[in-house]
Protein chains: 2
Amino acid sequence: MRKLYHFWISPASRKVRLVLNEKGLKYDLEVEKPWEQRDEFLALNPAGDVPVLKDENGAILSNCQAIVEYLEDTYQDVRLLPEDTLEKAETRRLVAWFDHKFRSEVTENLVEEKILKRLMRTGTPNTSAIRAGHHNIHYHLDYIEYLTERRNWLAGEDFTLADISAAAQISAVDYLGDVPWDQHPGAKIWYSRIKSRPTFRPLLADNLPGMPAPKHYADLDF
Amino acid sequence: MRKLYHFWISPASRKVRLVLNEKGLKYDLEVEKPWEQRDEFLALNPAGDVPVLKDENGAILSNCQAIVEYLEDTYQDVRLLPEDTLEKAETRRLVAWFDHKFRSEVTENLVEEKILKRLMRTGTPNTSAIRAGHHNIHYHLDYIEYLTERRNWLAGEDFTLADISAAAQISAVDYLGDVPWDQHPGAKIWYSRIKSRPTFRPLLADNLPGMPAPKHYADLDF
């Protein structure tokens, strides 16, 4: 059976779960706390981060973008990257935007400071990092609004890996209640379309041990 | 004519230059100082970073990995990703390793602190960041040695985007003289094979204004 080593609040794990769900691929989930640096896990992935996928054929894959490109190459019934090379490049540009720019400017400042430091017991949250995260998120939500005023989904006409990468980051921040939806109605419409996809439901059912999700997190009418 | 907006010491720019050179594609180079945040440049790339490629067909592309995947899709005479999906996933895993893990653990601590802060006039180098960069680089050079003891190139039998991504980062650090080659003879052999490729020569001829390269940087017998 296919198995995904993941951690609930990890956006990279969420991205791969969404891709597996969209492609209709069955898998078992195994929780991995990457900060424990288990030898057995480091043997699967020397970078030590989640997610790691063990595919049905026994192949071990790591790095979230390498995993989803592999899934896109291997399971082609549902496509999450456009066929056209320029549209594909635009999709990958936005994937990198959310995987790296959004993550470093927003997610790390909020999710790492507020949740991971507590779980890892590595100190108290840095209030200036949290302030930066709250400041920066407006710029990214503005960008989502800008794009979706001009396009059906973030990268163009179709739902793609760009929407998945963005939703993976934003859903982790939304678990904290830190997305100012009321000030970004266009971004809220985009996210409500994502939330209503059946493939997104399992993520909305997530609950971190000892840190239950706020009510609006799973609510389709948020 | 194809044009690449780049900055000399930017590893992401170096990566795209190497891919263009390997594929034998001609291009003009235009220096862009991304910290100046020129409006005309932000109109090409809202993320504001280098490189940006304007291809012959007029298409504007940004994000280094999106650019090189586009070049790989479009110009197939020279392939830099393996055909096999698992080997391709392994290559992309290593690309992400160097583009993100090496960059955040080594390059940012050394190149940003020692060079970019001086160019951007944003303060003095952070000595604890520099110490961390010098500490972390050993682990990455060990990993290069580990891989090349088992494989011809980093990702397998063939020279790939993994070698290019690694060389792009390491060459920027080597411009500072901060790669401890003497302690990592296996990594040095790998890098000397890269340095002797004709496609690498233009990078070895780079000189930052006011900060000439040290002698060993361009020397094939370093």
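Just the heavy atoms: all of them, side chains too, but no hydrogens, waters or symmetry mates, feed the values below. Below, chain A is the first sequence line, B the second, and so on; all start at residue 1.
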Enquirer: Look up atom NZ in B/Lys88 and atom OG1 in A/Thr74, then write down how far apart they are to the nearest 0.5 Å.
Expert: 8.5 Å

Enquirer: Taking atom CG of B/Asp77 as the centre, report whether more than 12 heavy atoms of other residues, nucleotides or ligands fall under 6.0 Å from it.
Expert: no

Enquirer: Taking all atoms of both residues into account, what is the closest heavy-atom pair of A/Ala66 and B/Ala89, and its distance?
Expert: CB-O, 3.7 Å

Enquirer: So which bits of residues 132-157 of chain A come within less than 4.5 Å of chain B, counting non-hydrogen atoms only?
Expert: A/Tyr139, A/Tyr143

Enquirer: Mind checking which of residues 40-55 of chain A sit less than 4.5 Å from chain B, heavy atom to heavy atom?
Expert: A/Pro46, A/Ala47

Enquirer: Are there more than 12 heavy atoms of other residues, nucleotides or ligands under 6.0 Å from atom CZ of A/Arg118?
Expert: no

Enquirer: Write down the atom of B/Thr85, the atom of A/Tyr70, and the distance for their closest heavy-atom approach.
Expert: O-CD1, 4.0 Å

Enquirer: Could you report the tightest heavy-atom contact between B/Asn63 and A/Arg93, atom names first, then the distance?
Expert: CB-CA, 4.2 Å

Enquirer: For atom CD of A/Gln76, decide whether the heavy atoms of other residues, nucleotides or ligands shown that lie under 6.0 angstrom number more than 12.
Expert: yes

Enquirer: Among A/Leu86, A/Leu61, A/Asn57, A/Ile60, who wins on heavy-atom pairs under 4.5 Å with chain B?
Expert: A/Leu86

Enquirer: Apply the test side chain to side chain contact (heavy atoms under 4.5 Å, CB included) to residues B/Gln65 and A/Arg92: give CA-CA distance (whole Å), side-chain angles for both, the deciding distance (0.1 Å), then the verdict.
Expert: CA-CA 8 Å; B/Gln65 187 59 17; A/Arg92 287 191 175 117; 6.0 Å; no

